Structures are given as C-alpha cells and as structure tokens.
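This one's a predicted model, so the numbers in the text were calculated from it and none came from an experiment.
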Amino acid sequence: MSKSKLVIYSDYIWPYCYIGMGIVDKLSEEFDLDIKWHSFEIHPETPPEGVDLEKRFGIEMLGNSLINLKSRGKNLNLKFGELKYMPNSNLAHQLSLYAKDMGVFDSIHSKLMTAYFKDLKDIGSLEVLIDISRSVGLDSMETYKILSKNTYKKEVDRLSSVAINDGITSTPTFIINDTKVFSGAQPLDYFRNILKDLK
C-alpha cells in the first residue's frame, strides 16, 4: 500500500499551525504518511521587535482565543502558555530551512513550535534560535553566521511568494495527495475520514 502524501503550509507564529502539528503527529500514528512541511510567512510585516497581542486583538478576544486553543490542544497533548506577544517569524523559518539542509528539520520544527506556544520564548530572537539549534546538535557558531547574515531570507520570501501564487492564502493549509486542499486545523476525525477514503 502506497503512502498518502501530506503537504502542510505552516508558520511558527500562528497557533493553529501548532495544533496542525499535533494533528499530523496523531495521524502519523494511524496512517502511513509522506509528510512535507512548507514555510509560509503569513505576517512578514511584523516588526523585528514583534507585536503586543493584547493591543492588536484586545484582552477579551485574546483571552477567549486562548481558552479555545488550550481546549483543542489538550486533546492533542499540546500545551499553550499565556500568549501575549507575537514575534517576527522570518528568522525561525530561516533556521528551519537550514535545519532541513542539515537533516534535522523535524526536531527543529517541533522545538520552534513548543518554544513559542508552550514556553513563551521569543523565536524572533537570534539568541533564542541559537539555543534551539544547539539542542538538536547544530553548531552554534555556524548557526549564528547563517542567521546573522540572513542566508536563507531570500528562500523564505520565495517560498511564501510561490505559495501565494499557488493560491495558498492562510496557514495551516493542507494538501492530501495533490488533490484535496483545505485550510485550518480541522477536527482530527475530518482528516481520518479523508485518509480512510483514500485507502
């Protein structure tokens, strides 16, 4: 039986991409999947210092969103901290592309997500990203050179442009077997039913 191909367009600062990661992890336990994550920076306009979520969305809306996110995350063994700040994600995407070239993408991808959403770390910070890279065995000095020189920035920008040209407008966006395309972290059973029909 051939593997089902699953492509996900994702950003490290969007909470439903974190939930999407949990969904994919669960599905991987039940189905034989060929998984490919694609970088898509959804808020490139975010300043280097990031933005205050309470100021952008209001305390009430942010609080209600966190209640919903924590509820959904619980069923996927994901924990959300008290998010109050959204960093610029360009450097995080650059690190993920470097990690892919070095063969440790899956580890970096997971750590970037949990660092921000669970541990409330600033993944727009060079220092934080170097610590994360070190935790998966990447050389700190080499990572510093790569990120401080924005070595992968053009590629991050290119991938986002390609996604937009292909009609991708939001994250997470899932594509199953190059045909079924849908956006948002749908319920787990939604994915299960699609994959079962493909068997």
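Here the closest non-hydrogen pair linking Leu78 and Ile19 is CD1-CA, 3.7 Å. Minimum interatomic distance between Cys17 and Ser10 (heavy atoms only, all atoms of both residues): CB-OG, 3.2 Å. Heavy-atom minimum distance, Gly81 versus Leu66: O-CD2, 3.8 Å. The minimum heavy-atom distance linking Ile35 with Ile8 is given by the pair CG2-CD1, 3.7 Å. Heavy atoms only, all atoms of each residue included: Ser39 and Ser96 are closest at OG-OG, 3.7 Å. Closest non-hydrogen pair, Gly73 versus Phe80, comes out as CA-CE1, 4.3 Å.
In the displayed structure, Lys118 atom NZ is contacted under 6.0 Å by at most 12 heavy atoms of other residues, nucleotides or ligands. In the displayed structure, Trp14 atom CH2 is contacted under 6.0 Å by at most 12 heavy atoms of other residues, nucleotides or ligands. Atom OH of Tyr144 is surrounded by 12 or fewer heavy atoms from other residues, nucleotides or ligands within 6.0 Å.
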Item checked: Candidate pair Leu97 and Leu159, rule side chain to side chain contact (heavy atoms under 4.5 Å, CB included), full reasoning -> CA-CA 11 Å; Leu97 293 180; Leu159 289 171; 3.9 Å; yes

Checklist line | Steps toward salt bridge (Lys or Arg N to Asp or Glu O under 4.0 Å) verdict (Asp157, Lys154) | finding: CA-CA 5 Å; Asp157 295 345; Lys154 285 185 179 179; over 6 Å; no

Next item on the list: Determine, step by step, whether Ile123 and Ile13 satisfy the side chain to side chain contact (heavy atoms under 4.5 Å, CB included) criterion, reporting the C-alpha distance in whole Å, the side-chain angles of both residues, the deciding distance to 0.1 Å, and the verdict.
Entry: CA-CA 9 Å; Ile123 59 168; Ile13 47 84; 4.2 Å; yes

Checklist line | Phe31/Leu6 under side chain to side chain contact (heavy atoms under 4.5 Å, CB included): CA gap, chis, key distance, verdict | finding: CA-CA 11 Å; Phe31 300 92; Leu6 179 58; over 6 Å; no

Notebook entry, point to check: After noting the C-alpha distance and the side-chain angles of Leu126 and Ile130, does the key distance pass the side chain to side chain contact (heavy atoms under 4.5 Å, CB included) rule?
Noted result: CA-CA 6 Å; Leu126 184 57; Ile130 289 171; 4.0 Å; yes

Checklist line | ring pair (Phe, Tyr, Trp, His ring centres under 6.0 Å) between Phe174 and Phe191, intermediate numbers included | finding: CA-CA 10 Å; Phe174 299 86; Phe191 292 88; 4.8 Å; yes

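A side chain to side chain donor-acceptor pair (under 3.5 Å) check over residues 167-177, counting only residues at least two apart or in different chains, returns the pairs Ser170-Ser183, Thr173-Ser183. Applying the side chain to side chain donor-acceptor pair (under 3.5 Å) test to every pair with at least one member in residues 53-68, sequence neighbours left out, gives these pairs: Tyr16-Asn68, Glu54-Lys84. Legend: salt bridge (charged side-chain N to carboxylate O under 4.0 Å, His left out) pairs involving residues 166-195, not counting sequence neighbours, sorted by first then second residue: Lys5-Asp178, Glu30-Arg192, Asp189-Arg192.
Between the Asp139 side chain and the Glu142 main chain, a donor and an acceptor come within less than 3.5 Å of each other. Listed for the Ser28 side chain is a donor-acceptor partner under 3.5 Å among the backbone atoms of Val24. Looking at Tyr18, its side chain does come within 3.5 Å of a backbone N or O of Lys79 through a donor-acceptor pair.
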Identify every side-chain donor-acceptor pair in residues 40-51 under 3.5 Å, counting partners at least two apart or on other chains, and give the distances.
from  : atom 1 : to    : atom 2 : distance (Å)
Glu41 : OE1    : Asn90 : ND2    : 3.0
His43 : ND1    : Glu45 : OE2    : 2.8
Thr46 : OG1    : His43 : O      : 2.9

What donor-acceptor contacts under 3.5 angstrom involve side-chain atoms of residues 108-116, with partners at least two apart or in another chain?
from   : atom 1 : to     : atom 2 : distance (Å)
His109 : ND1    : Tyr12  : OH     : 2.8
Thr114 : OG1    : Ser110 : O      : 3.2
Thr114 : OG1    : Lys111 : O      : 3.3
Tyr116 : OH     : Tyr85  : O      : 2.6

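Taken to the nearest 0.5 Å, the OH atom of Tyr9 stands 11.5 Å off from the NZ atom of Lys36. Distance OH/Tyr98 to CG/Leu138: 5.5 Å, rounded to 0.5 Å. One finds the OG atom of Ser4 at 8.0 Å from the CG atom of Asp32 (value rounded to the nearest 0.5 Å). One distance of note links CG of Leu27 with CD of Glu29; it measures 9.0 Å at 0.5 Å rounding. Rounded to the nearest 0.5 angstrom, Asn165 CG and Arg158 CZ are separated by 11.0 Å. Atom CG of Leu129 and atom CD of Gln94 lie 9.5 Å apart (nearest 0.5 Å).
Not counting sequence neighbours, the partners of Glu82 by the salt bridge (Lys or Arg N to Asp or Glu O under 4.0 Å) test are Lys70.
A ring-centre distance under 6.0 Å is found for Tyr190 and Phe182.
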